[in-house]
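Some notes on the structure that comes next.
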Amino acid sequence: MKAAVHTRYGPPDVVRVVDVPTPTPKDNEVLIKVHATTVNRTDCGFRAAKPFFVRAFTGLVRPRVRILGNEFAGQVEALGPGVTSFAVGDRVFGYDDTVCGAHAQYLTIREDASLARIPANLTYAQAAPATEGSHYALANIEKAKIRAGQRVLVNGGTGAIGSAAVQLLASRGVHVTAVCDTTHLELMHRLGAERVVDRTVSDFTEDVQTYDVVFDAVGKSSFGECRRLLEPRGVYLSTDLGPAAQNPFLALITPALPGKSVLFGFPRHDQAMMNYFKET
Ligand SMILES: NC(=O)c1ccc[n+]([C@@H]2O[C@H](COP(=O)([O-])OP(=O)(O)OC[C@H]3O[C@@H](n4cnc5c(N)ncnc54)[C@H](OP(=O)(O)O)[C@@H]3O)[C@@H](O)[C@H]2O)c1
């Protein structure tokens, strides 16, 4: 089969499309013919080994994972002898950020991994990008225990994480304000935002409205800048470490103090999450 392979860390041109052996499914694995995948921030970070600490997971000197691609949609082509929950021909989508392997014509994955059948009304191209950003968004939404009726501002509403956050929050009955550039104002409304702030026209940190949660899904602000936007017991979430890597420290200290706090969502993924995305 053809696969996009990188054998050293670096810019996009370290990736070469070459012939590699098609994987064979083990006892509890399925073989999937990949119809759609994405090149997302996780792929780019793993390919370039940026930030440096990713080498702890991807290989200190050279990449251990040579075929990237963590989210995918495709068709089950063959089954390991012990597989009971999928059948040949099933249309499936999934997420795997440890083995990866979706930037290839075929991949194998355990049947109990983050894998689910695609709803009949979705194409492969629509299902493939539904997991990576969504699982980061969900981790933060659950960490802050965001409930129906609350007011939440999402900065970076058009990104992988931000666009998932807007949709997941709207589906839970949350009043969403999204921040994006001029070209995406209409898109944000279509995804479920009640209010949209054009970041090229105004600075969202000077908004007159207050929020139960400010979710900076692009990590461009700080707790200090967003404090005045928060209700007295409001929560600040960010997908980045923040200035001087302050967010993890603030997430340790501020929840123990009265008033506004910083929380940090740690992502996880499983089949229950896949089914939730499928139904949402
Ligand atoms: N995916 C991951 O692997 C991962 C994991 C953990 C944390 N993070 C962090 O989370 C952040 C978002 O990740 P992502 O995968 O969602 O990224 P993404 O899909 O590349 O989206 C980034 C979004 O940020 C917006 N943006 C760019 N500059 C901005 C600014 N100055 N102010 C407001 N919005 C701005 C862009 O919107 P426009 O098109 O409107 O410019 C774009 O929609 C990144 O900072 C990343 O480091 C990512």
Side-chain angles (χ1 to χ4, degrees), residues 12 37-58 65 68-72 95-98 100 102-103 114 128-144 152-169 176-193 195-207 214-223 225-226 229 236-248 251 262-269 273 277:
T37 181
T38 63
V39 179
N40 55 40
R41 272 186 184 254
T42 302
D43 295 310
C44 298
F46 283 9
R47 187 207 67 235
K50 284 185 183 163
F52 190 83
F53 74 78
V54 303
R55 289 173 188 251
F57 309 102
T58 60
V65 172
L68 296 171
N70 45 70
E71 53 185 352
F72 59 87
Y95 180 66
D96 181 345
D97 58 353
T98 48
C100 297
H103 293 171
S114 297
T131 54
E132 194 251 7
S134 308
H135 98 296
Y136 287 113
L138 185 62
N140 283 285
I141 291 168
E142 289 186 338
K143 185 73 187 176
V152 177
L153 179 141
V154 179
N155 185 35
T158 55
I161 302 174
S163 61
V166 170
Q167 293 172 83
L168 293 173
L169 289 166
V176 180
T177 295
V179 184
C180 66
D181 69 1
T182 318
T183 52
H184 296 113
L185 301 176
E186 177 49 33
L187 172 68
M188 289 296 93
H189 282 300
R190 270 194 281 125
L191 296 188
R195 206 171 146 248
V196 184
V197 175
D198 183 340
R199 70 178 170 87
T200 65
V201 173
S202 55
D203 178 351
F204 81 90
T205 64
E206 287 168 14
D207 199 356
V214 170
F215 180 10
D216 190 344
V218 69
K220 296 284 184 199
S221 64
S222 67
F223 180 46
E225 287 166 343
C226 295
L229 294 178
Y236 175 75
L237 299 164
S238 176
T239 52
D240 264 307
L241 301 177
Q246 62 179 242
N247 289 336
V262 177
L263 296 178
F264 213 71
F266 288 97
R268 54 172 192 84
H269 56 92
M273 177 198 82
F277 290 158

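Just so you know, ligand 1 is whichever comes first in the structure, and atom 1 is the first atom listed for that ligand.
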Task: Heavy atom of the protein closest to atom 45 (O) of ligand 1 (residue, atom name, distance) - done: D240 OD2, 2.6 Å
Open item on the list: Give me the residue, atom name and distance of the protein heavy atom closest to atom 18 (P) of ligand 1.
Closed with: R41 NE, 3.6 Å
Open item on the list: To check your reading of the model: name the closest protein heavy atom to atom 42 (C) of ligand 1, its residue, and the distance in Å.
Closed with: T158 OG1, 3.7 Å
- [ ] Using only heavy-atom distances, determine whether the side chains of D43 and N70 contain a donor-acceptor pair under 3.5 Å.
- [x] yes
- [ ] Scan side-chain atoms only and decide if D97 and H269 contain a donor-acceptor pair under the 3.5 Å cut-off.
- [x] yes
- [ ] May I ask you to identify the nearest protein heavy atom to atom 25 (C) of ligand 1, giving residue, atom name and distance to one decimal place in Å?
- [x] V218 CG2, 3.8 Å
TODO: Name the option, out of K50, M188, R199, that contains the heavy atom nearest to atom 33 (C) of ligand 1.
DONE: R199
- [ ] May I ask you to check whether S222 and Y236 show a side-chain donor-acceptor distance below 3.5 Å?
- [x] no
TODO: Report the nearest protein non-hydrogen atom to atom 3 (O) of ligand 1: residue, atom name, distance rounded to 0.1 Å.
DONE: T42 OG1, 2.8 Å
Task: For atom 7 (C) of ligand 1, the option (of D43, T239, D181, D97) bearing the nearest heavy atom - done: T239
Task: Side-chain donor-acceptor pair present, T183, D181, cut-off under 3.5 Å - done: yes
- [ ] Have a look at G156, A160, G159, A217 and point out the one with the heavy atom closest to atom 12 (C) of ligand 1.
- [x] A217
TODO: To the nearest 0.5 Å, tell me how far F72 CZ sits from T37 OG1.
DONE: 8.5 Å
Task: Closest non-hydrogen atom pair, R268 against M273 - done: O-SD, 3.8 Å
Task: Sub-4.5 Å side-chain heavy-atom contact between S114 and T131 - done: no
Task: Side chain, backbone, both or neither: the part of T183 lying under 4.0 Å from ligand 1 by heavy atom - done: neither
Task: Pair listing, side chain to side chain donor-acceptor pair (under 3.5 Å) test, anchored in residues 198-207, at least two apart - done: T182-D198, T182-T200, R195-D207, D198-T200, D203-T205, D207-Y211
Task: Closest approach of any protein heavy atom to atom 16 (O) of ligand 1, naming residue and atom - done: I161 N, 2.9 Å
Open item on the list: Out of all atoms in ligand 1, which are within 4.0 Å of some heavy atom of N155? Include the element for each.
Closed with: 33 (C)
Open item on the list: What I'd like to find out is whether the side chain of F277 reaches to under 4.5 Å of the side chain of L138, using heavy atoms alone.
Closed with: yes
Open item on the list: Looking only at protein heavy atoms, which one is nearest to atom 4 (C) of ligand 1, and what is the separation?
Closed with: Y136 CE1, 3.9 Å
Task: Closest approach of any protein heavy atom to atom 28 (N) of ligand 1, naming residue and atom - done: K220 CE, 3.7 Å
Task: Element-labelled atoms of ligand 1 that are located less than 4.0 Å from some non-hydrogen atom of E132 - done: 1 (N), 2 (C), 3 (O)
Could you pull out every donor-acceptor pair under 3.5 Å between side chains of residues 152-163 and any protein atom, sequence neighbours left out?
unit_1 : atom_1 : unit_2 : atom_2 : d
N155   : ND2    : D216   : OD1    : 3.1
S163   : OG     : G159   : O      : 2.7

Open item on the list: Is N40 close enough to touch ligand 1? Criterion: a residue heavy atom under 4.0 Å from a ligand atom.
Closed with: no
